[in-house]
Amino acid sequence: MDRLLTFSEGHEIYRKSFRSWLEKEVVPFHDQWEKDRRVPRHIWTQAGELGFLCPTIPEEYGGAGGDFLHSVVLAEEIERVHATGLGGIPLHNDIIAPYIREHGTEEQKLKYLPRCASGELILAVAMTEPNAGSDLAAIQATAIADGDEYVINGQKTFISNGQCCDLIVVVAKTDPKAQPAHAGISLLLVEATNPGFKRGRNLEKVGLHAQDTSEMFFEGCRVPKSALLGGVEGKGFYQLMHELQQERLITAVGSQAAAEFALAQALQYSCERRAFGKRIADFQHHAFKIAEMATQVELGRCFVDRLVVEHMQGKPLLKEVSMAKYWVTDMLHKVVDDGVQLHGGYGYMLEYPIGKMYQDCRVQRIFAGSNEIMKLIISRQLIGRG
Ligand SMILES: Cc1cc2nc3c(=O)[nH]c(=O)nc-3n(C[C@H](O)[C@H](O)[C@H](O)COP(=O)(O)OP(=O)(O)OC[C@H]3O[C@@H](n4cnc5c(N)ncnc54)[C@H](O)[C@@H]3O)c2cc1C
């Protein structure tokens, strides 16, 4: 498929080296990690050593000083082999480390970013609570100033990298009475060794079994005032919103690559499987279905690549990335569902990649901002608030 994006020779070398690492160190072990419900620590260490963590962080903070296309390469290659256990890497690289890079004090950047790039620190972001997901302003976790410290209390849930993380960006209210409520939200950097922090269960999910997703508890968790991201209270909501464009875009990038992988699986199977004396791809229904799937995948590719180009040009794309996040993840779900149908009974077997995708791709429509919230944002941009 022709791309609107231009990858340099450097990007292609990077892709080749990541691909060969995936094939050697990840793919043969992924089934076991799904049983273990996590990826082993040495994978993060290796990824750090090989330059696959924080590729866009500037060299002065220990990163590789690359551009967003390096992140695109990683997200695409992970999906190309359906190594969902590595989903924590784009989260670490493109969603959480940028909070520190963009909003941290110089001291915070120097303290943490080099260790994020080396794999010494694995990142998590703890926004969601049992009673507040989409409605972030309704969170109840608090971080109350006490002398030179903040005392954090609260419970979080559904936190990716929750079992393996070493540093957590915690979303909490430093001013629980602030109006509007989001003006009281701040982000705090909490090290997992803090005695006031406890990990809860590694949650049993429908899919993405090699990813750890956890509850978290903060009980009288004391952090120094220097743990406040950026050093100014009440900026947390703004800091989160500022990074949303890239968060939604990288979700769309990965989902688009996953849809291409699903299409390739369906195409290959339909051309190999025979029934009633011919390839099942030759039944007109199946041929038309493949045509529909391929058309949707092609449309997604054009849109996503265009947004990557514009994102790298620094354009504000809130509406467009929200469209891409919702449309591409819906499209992925539909292509995978059609792919299962074309596989017949084999599509429901986990030994076939399409069966695995069926259980793994459902959640993309829910996390990174649910698709309903995406439509809310898009419609508000078009018609304003009622
Ligand atoms: C596998 C997985 C990994 C995750 N990783 C993380 C993580 O690392 N960190 C983190 O903080 N969170 C994480 N989450 C949480 C995720 O971001 C939330 O589940 C998501 O934001 C939705 O919140 P909720 O589950 O509370 O649903 P709710 O907000 O309760 O929503 C329930 C339903 O109502 C809809 N809805 C809500 N408000 C509106 C509205 N105004 N208009 C229309 N419809 C609406 C939603 O779209 C949804 O369909 C993860 C979740 C999962 C499943």
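Note that the numbering runs from 1 along the sequence shown for the chain. Read the numbers this way: they start at 1 and go in the same order the structure lists the ligands and their atoms.
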Regarding ligand 1, does F158 bring an N or O atom to under 3.5 Å of one of the ligand's N or O atoms?
yes

Could you find the nearest protein heavy atom to atom 2 (C) of ligand 1 and give me its residue, atom name and distance?
F367 CD2, 3.6 Å

With a cut-off of 4.0 Å, which atoms of ligand 1 are near a heavy atom of V363?
1 (C), 53 (C)

Are any of the protein's heavy atoms under 4.0 angstrom from atom 32 (C) of ligand 1, yes or no?
no

Does S160 reach ligand 1 with a nitrogen or oxygen that is under 3.5 Å from one of the ligand's nitrogen or oxygen atoms?
yes

Under 3.5 Å, is there a donor-acceptor pair linking the side chains of E102 and H242?
no

Measure the shortest side-chain to side-chain distance between V170 and F197 over non-hydrogen atoms and say whether it is less than 4.5 angstrom.
no

Looking only at side-chain N and O atoms, does Q32 offer a donor or acceptor that is under 3.5 Å from a partner on D36?
yes

Do E320 side-chain atoms and L307 backbone N/O form a donor-acceptor pair below 3.5 Å?
no

Tell me, do T213 and L208 make a side-chain contact under 4.5 Å, heavy atoms counted?
no

Side chains of T45 and H42: do they bring a donor and an acceptor to under 3.5 Å?
no

Take C165 and I168, measure what side-chain contact (heavy atoms from CB on, under 4.5 Å) needs, and give me the verdict at the end.
CA-CA 7 Å; C165 64; I168 308 143; 3.7 Å; yes

Among E372, K375, R365, the residue with a heavy atom nearest to atom 48 (C) of ligand 1 is E372

Could you check which of A132, G207, S134 puts a non-hydrogen atom nearest to atom 37 (C) of ligand 1?
S134

Compute the minimum heavy-atom distance from L208 to ligand 1 and say whether it is under 4.0 Å.
no

Residue portion contacting ligand 1 (non-hydrogen atoms closer than 4.0 Å) for L376
side chain

Numbered atoms of ligand 1 (with element) below 4.0 Å of I159, judged on heavy atoms
7 (C), 8 (O), 9 (N), 10 (C), 11 (O)

So, T157 and E215: side-chain donor and acceptor under 3.5 Å apart, yes or no?
no

Look at the side chain of Q155 and the backbone N and O of E129, then say whether any donor-acceptor pair between them is shorter than 3.5 Å.
no

Kindly state if atom 8 (O) of ligand 1 has a protein heavy atom within a strict 4.0 Å cut-off, that is, under 4.0 Å?
yes

Among all protein heavy atoms in this structure, tell me which lies nearest to atom 10 (C) of ligand 1, with the distance rounded to 0.1 Å.
T128 OG1, 3.3 Å

I need the nearest protein heavy-atom contact for atom 20 (C) of ligand 1: residue, atom name and distance, please.
I366 O, 3.8 Å

Could you say whether the N/O atoms of S370 and ligand 1 ever approach to under 3.5 Å?
yes

Identity and distance of the protein heavy atom lying nearest atom 24 (P) of ligand 1
G133 CA, 3.9 Å

Heavy atom of the protein closest to atom 38 (N) of ligand 1 (residue, atom name, distance)
I373 CD1, 3.8 Å

Please tell me whether F303 and W327 form a close aromatic pair, meaning their ring centres lie under 6.0 Å apart.
no

